[in-house]
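The structure appears below as structure tokens.
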Amino acid sequence: MTIKLIQCDALRPDRRAISRTLEDIADDLDSNLATEYTDILLAGSPVEIEVSFNTSSAFRALRKLDIEYELEE
């Protein structure tokens with residue numbers, strides 16, 4: 001399943017927490033790429049990640065970080 005991360009609505013986003021979460025939930029995403037995706041997301045551009053297992057936990061983690069997302073097919 002592809003998830004498009006649109007924006008982060010947190011007042012003071014925690015870059016490290018977002019990066020770790022992306023690394024944990026996305027398929028084939030290492031820490032360097034997760035950090036790069038975090039920087040892109042916080043700059044205001046959308047990012048797409050692929051999640052193939054435990055999607056409910058992924059959704060919960062994204063909501064906890066105030067990341068707005070939508071499902072792509």
To the nearest 0.5 Å, what is the distance between CG (L65) and CG (L5)? 10.5 Å
Heavy-atom closest pair, residues P46 and I40: O-CG2, 4.3 Å
Listed partners of S31 passing side chain to side chain donor-acceptor pair (under 3.5 Å), at least two apart: none
Within this structure, what is the CZ-OG1 distance for the pair R60 and T55, rounded to the nearest 0.5 Å? 10.0 Å
Drop me the distance from K4's NZ to L71's CG, to the nearest 0.5 angstrom. 12.0 Å
Under the side-chain hydrogen bond (donor to acceptor under 3.5 Å, both in side chains) definition, can you give me all pairs with a residue in residues 37-49, not counting sequence neighbours? R15-D39
Approximate separation, where rounding is to 0.5 Å, of L62 CG and I3 CD1: 6.0 Å
Is the backbone of M1 close enough, under 3.5 Å, to the side chain of E50 for a donor and an acceptor to pair up by distance? yes
Which atom of D66 lies closest to which atom of A10, heavy atoms considered: CB-N, 3.7 Å
Hydrophobic cluster membership, F59 vs L29, 4.5 Å side-chain cutoff: yes
Side-chain donor-acceptor pairs of residues 16-25 under 3.5 Å, sequence neighbours excluded:
from	atom 1	to	atom 2	distance (Å)
S19	OG	T35	N	3.4
S19	OG	T35	OG1	3.2
T21	OG1	A17	O	2.8

When rounded to the nearest 0.5 Å, the distance separating CD1 of I49 from OH of Y69 is 10.5 Å
Do other residues, nucleotides or ligands put more than 12 heavy atoms under 6.0 Å from D28 CG? no
Under the side chain to side chain donor-acceptor pair (under 3.5 Å) rule, collect the residues that match up with E36, sequence neighbours excluded. none
Pairing residues for D27 by the side chain to side chain donor-acceptor pair (under 3.5 Å) criterion, not counting sequence neighbours: S52
Applying side chain to side chain donor-acceptor pair (under 3.5 Å) to E72 and not counting sequence neighbours gives none
